[in-house]
Amino acid sequence: MNHHFLKFAAAALIITGSAATQSCKMEKEHQNPFISEYDTPYGIPPFDKITYDDYIPALKAGIEQQKEAVEAIVNNPAAPTLENTIVALDHSGPILERVCNVFFNLDESNSTPEMTKIGEEFYPLYSAHTDEISMNPKLFERVKALYDNRDQMDYTTAQRLMIEKSYESFVRNGALLDDAKKEELKNINGKLADLYQKFNKNLLSATNAFELVVDDESQLSGLPATSIAVAAEEAKTRGKEGKWVFTLHAPSRLPLLQYADNRDLREKMYKGYTTLASSGEYNNYPVIADILKARVEKAKLLGFDNYASYMTANVMAKNVDNAEELLMQIWKPAIARVSEEVAEMQALSNKEGNNFTIEPWDYYYYAEKVRKDKYNLDEDEVRQYFHVDSVRNGVFEMARRLYGVTFTEMPDAPKYDPEVTVYDVKDEAGNHVAVFMTDYFTRASKRQGAWMSEFKGSGSDYEKVERPVIFNVCNFTHPTADSPSLLTLDEVETMFHEFGHGLHGMLSRAKYKSQAGTNVDRDFVELPSQIHEHWAMEPEMLKMFAHHYKTGEAMPDSLIEKLQAASTHNQGFTTTELVGAALLDLQWGQLTDTTSIDVEGFEKAVAAKLNMPKEVQYRYSSPYFKHIFGSDGYASGYYTYLWAEVLDADGFELFKEKGIFDPATAKSFKENVLEAGGSDDPMELYVKFRGRKPTPEALLRNRGLINQPAKPGKLNIPESK
């Protein structure tokens, strides 16, 4: 949901009401933990006290509590003010915030059959409730009065922005529709909520159902010992002891594609992944078709040409043309580089005496071979320096040096899984800043990918200051009895990336909770995450955390030099699959004819239109493109990773110029980006930090796609049209 007042990244404030009181009376033996403020350190959810039976009663109690609060707001005889309308609305549902923060997040990281079953009731109830509030005519009337009179009041930038975003949110969610069309929109939103849940359920089930079983050890030639050990452990877990089982989870899938000498094995894994959730019991093709139909109806109902126009209208890009124009500036040099990369791979394959043409399932394998041949760099050797604990220590040290914060483990703190680690985050003066949790390893109940979220947000706009409870989730290789968790280069950058999101949440000082932390424009939210990726491979940073997991020795200069030399290796492939997926997403969003939707045919048509190299596929095919079909969070918005990279690549060049731990530069980034949240226009915040607008050339330089020097002040990001 996008309603500003129901962003459950927000802080919870206790508001007593009859619904909460009645719910408490109903519970004799077990006290529902969501009904009252948590009696835990820093407001961490009491996971050990939460049962499956608590969610629906708490949701219903929270809905009733918020309804009562909204009634009080709309019946307030006083003239509308920011405080008695929008701020009050932001704080109208503490029970709802608590239960949704936990349920939504655990449904992603601990999606058990019980949670899935609860979700069948939870999501429709929640969707219907948010629609009821966003379409409440009396509530909108008060917000509109503030919006219409904003020029006559002496508002701060943050206050004015809050009013404008609030008004915009109501309009985007149907406040201007007549009653009949409001009912139509409610039905569409309910349908989409059901479809998103079905898409995610199919995806998780299909992922867990796949297994590639190897019973001949000779087929494992080329694979690192750690990957073989993990596959043996997986086989044992599945009752296939003595064999090796590979899954579609990235820590299992990617090493096989990258190192397995057996070409047939690579092809089976590649096709297993690229056909995920596209047939059989867990087929997402019909789900996608229904989602697209509902989105077209929704966009039309709200007065937009298409869904992509609806989703880009309220962010930095402003419209689809601007997003596509930026992507095409990156696409052309990226596919040109792919041609060079494939030629190098084909030459190496021919030299080995092979008589086949490079196919998509060969790309990872031969890219690794070319890297080793060209730079004498073996990623398996590099991984020995990236034990998961060492990398975690690295991100903590980065935060300490840049922003003066420290992380102390809280071993007795509540946690939702035994493998979660909880930290107390403090500033240089010893003041509590946030709670931070890490959940790093794969499990069957966890969805693929990596993300940051929060169980409690921050803010200081209502009676007391709230500090957040933030967490990072990843899917790294689980350690076994004989094999530690050693990260790949990509996984190291993933940890730095998600930690950057975490810092955005932890360090927020925005006053209003709907503007705090990651509550920013969607195409600005990736700036803090992506800029912190740059530190991961900096020589000065590597010396601090990249230590051999057996000897404890720091990564030698010779290996660091190889990493630097190979830093842009394979960027044609990486960039093409990413930009291709972003362009596919925008094409789906511009679809208007939904009479007959052929998902596979549509993907092929877009690839042909783009002249996409046959050796490269979209980073995510539609049936497992969770970003855009698992919710509306990144729908017609996957481009934002590239949009934000324009900012982060340009911004990090300032750190490189001044020093990667330069205090003044770090202070400016902390104050103007991390602490500010959504309290100002995102480009204004960036300019305050950088001193000027960004240039896309920095992104192309960072990826090694051009060698042009920086051109300060030149702006190639498309302006609003």
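For clarity, every value in this text was computed on a predicted model and none was experimentally measured.
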Among side-chain atoms of H569 and E341, is any donor-acceptor pair under 3.5 angstrom?
no
Compute whether any side-chain donor of one residue and acceptor of the other, for Y639 and D585, lie under 3.5 angstrom apart.
no
Quick check on ring-ring contact (aromatic ring centres under 6.0 Å, His included): which of Y634, W588, F199, Y638 does F625 satisfy it with?
Y638
With a 3.5 Å distance limit and no angle check, can you tell me whether N570 reaches the backbone of A367 through a side-chain donor-acceptor pair?
no
Kindly indicate whether the side chain of L699, heavy atoms from C-beta on, has any atom under 4.5 Å from the side chain of D650.
no
For side chain to side chain contact (heavy atoms under 4.5 Å, CB included), just list the numbers for N202 and N283, CA-CA rounded to whole Å, side-chain angles, deciding distance to a tenth of an Å, and then say yes or no.
CA-CA 7 Å; N202 282 347; N283 187 358; over 6 Å; no
Taking the side chain as C-beta and beyond, is there a heavy-atom pair between L489 and E379 under 4.5 Å?
yes
Identify the two heavy atoms, one from G651 and one from I531, that lie closest to each other, and give their separation to 0.1 Å.
C-CD1, 4.1 Å
So, for L223 and P255, which heavy atoms are closest and what is the spacing to 0.1 Å?
CD2-O, 3.5 Å
Y366 and E352: side chain donor to acceptor below 3.5 Å:
yes
Run the salt bridge (charged side-chain N to carboxylate O under 4.0 Å, His left out) test against K268 and tell me which residues pass, sequence neighbours left out.
none
Taking R522 for its side chain and T640 for its backbone only, find out whether a donor-acceptor pair lies under 3.5 Å.
no
Calculate, to the nearest 0.5 Å, the distance between atoms CD1 and CD1 belonging to I335 and I330 respectively.
13.0 Å
Looking at R337 and E340, is any side-chain nitrogen of the basic one under 4.0 Å from a carboxylate oxygen of the acidic one?
yes
Answer yes if the side chains of S567 and Q564 hold a donor-acceptor pair under 3.5 Å, and no otherwise.
no
Let me know which of L487, I560, L563, V492 forms a side-chain contact (heavy atoms from CB on, under 4.5 Å) with V382.
L563
Below 30° counts as parallel, above 60° as perpendicular, anything between as tilted: where do the rings of H497 and H501 land?
perpendicular
Within a strict 4.5 Å, meaning less than it, do heavy atoms of the Q448 and R253 side chains meet?
yes
Look at the rings of F476 and Y440 and say which category their plane angle falls in: under 30° parallel, 30 to 60° tilted, over 60° perpendicular.
tilted
Parallel, tilted or perpendicular: which describes the rings of Y273 and Y624, with under 30° parallel and over 60° perpendicular?
tilted
To the nearest 0.5 Å, what is the distance between OG1 (T695) and CG (L647)?
10.5 Å
Mind running side chain to side chain donor-acceptor pair (under 3.5 Å) on E645 and Q530 for me, showing each step along the way?
CA-CA 7 Å; E645 191 176 339; Q530 292 180 181; 4.8 Å; no
State whether the side chain of D681 and the backbone N or O of M683 hold a donor-acceptor pair below 3.5 Å, judged by distance alone.
yes
Would you say the side-chain atoms of N284 pair up with the backbone N or O of V287, donor to acceptor, closer than 3.5 Å?
no
Do other residues, nucleotides or ligands put more than 12 heavy atoms under 6.0 Å from K191 NZ?
no
Say you draw a straight line from OG1 of T665 to CG of L654; how long is it, rounded to the nearest 0.5 Å?
4.5 Å
Minimum heavy-atom distance between V616 and Y363, given as atom pair plus value:
CG2-CE1, 3.9 Å
I'd like to know whether E653 forms a salt bridge (charged side-chain N to carboxylate O under 4.0 Å, His left out) with K656, so could you lay out the CA-CA distance, the side-chain angles of the two residues, the decisive distance to 0.1 Å, and finally the verdict.
CA-CA 5 Å; E653 287 189 348; K656 290 287 287 183; over 6 Å; no
Are D521 and K165 ion-paired here, with the side-chain N under 4.0 Å from a carboxylate O?
yes
Between Q590 and E324, do the side chains contain an N or O donor and an N or O acceptor separated by less than 3.5 Å?
yes
Decide yes or no for V391 and F496: does some side-chain heavy atom of the first lie under 4.5 Å from some side-chain heavy atom of the second?
yes
Taking atom CG of L265 and atom OH of Y270, what is their separation to the nearest 0.5 Å?
15.5 Å
Is there a salt bridge (charged side-chain N to carboxylate O under 4.0 Å, His left out) between E491 and R383 once you walk through the steps?
CA-CA 10 Å; E491 288 172 334; R383 289 180 67 187; 5.1 Å; no
Between E359 and R263, does any side-chain N to carboxylate O distance fall below 4.0 Å?
no
When you measure from the side chain of E577 to the backbone of G572, do you find a donor-acceptor pair of N or O atoms at a distance under 3.5 Å?
no
Drop me the distance from L503's CG to F499's CZ, to the nearest 0.5 angstrom.
4.0 Å
K562/E381 ion pair, N-O < 4.0 Å
no
When you measure from the side chain of R447 to the backbone of N200, do you find a donor-acceptor pair of N or O atoms at a distance under 3.5 Å?
yes
State, with a plain yes or no, whether a side-chain heavy atom of I288 is found less than 4.5 Å away from one of I597.
no
Given the rule in the salt bridge (charged side-chain N to carboxylate O under 4.0 Å, His left out) test, do K271 and E267 qualify, once you have shown the distances and angles that lead to the verdict?
CA-CA 6 Å; K271 289 183 175 178; E267 183 177 357; 2.6 Å; yes
From OH (Y282) to OG1 (T207), nearest 0.5 Å:
10.5 Å
Here the pair of heavy atoms bringing Y285 nearest to P623 is CE2-CG, 3.3 Å
Listed once per pair and sorted, the side chain to side chain donor-acceptor pair (under 3.5 Å) pairs that draw on residues 597-614, sequence neighbours left out
E603-S622
Under 3.5 Å, is there a donor-acceptor pair between the N306 and S309 side chains?
yes
Non-hydrogen atoms of G222 and Y259 that approach each other most closely
O-CB, 3.3 Å
Could you tell me which residues satisfy side-chain hydrogen bond (donor to acceptor under 3.5 Å, both in side chains) with Y620, sequence neighbours excluded, listed by chain and number?
none
E344 and K369, any side-chain heavy atoms less than 4.5 Å apart:
no
Step by step, work out the side chain to side chain contact (heavy atoms under 4.5 Å, CB included) result for T574 and R619.
CA-CA 8 Å; T574 302; R619 175 164 291 186; 3.6 Å; yes
Pairs where residues 287-314 contributes a residue and the test salt bridge (Lys or Arg N to Asp or Glu O under 4.0 Å) is met, not counting sequence neighbours:
none
Do K626 and E108 touch side chain to side chain, with heavy atoms closer than 4.5 Å?
yes
L348 and K374, any side-chain heavy atoms less than 4.5 Å apart:
no
Identify the heavy atoms of D523 and W643 that sit nearest to each other, and give their distance.
O-CD1, 3.3 Å
Which residues satisfy the side-chain contact (heavy atoms from CB on, under 4.5 Å) test with D490, sequence neighbours excluded?
T488, T494
Applying side-chain hydrogen bond (donor to acceptor under 3.5 Å, both in side chains) to S668 and not counting sequence neighbours gives N672
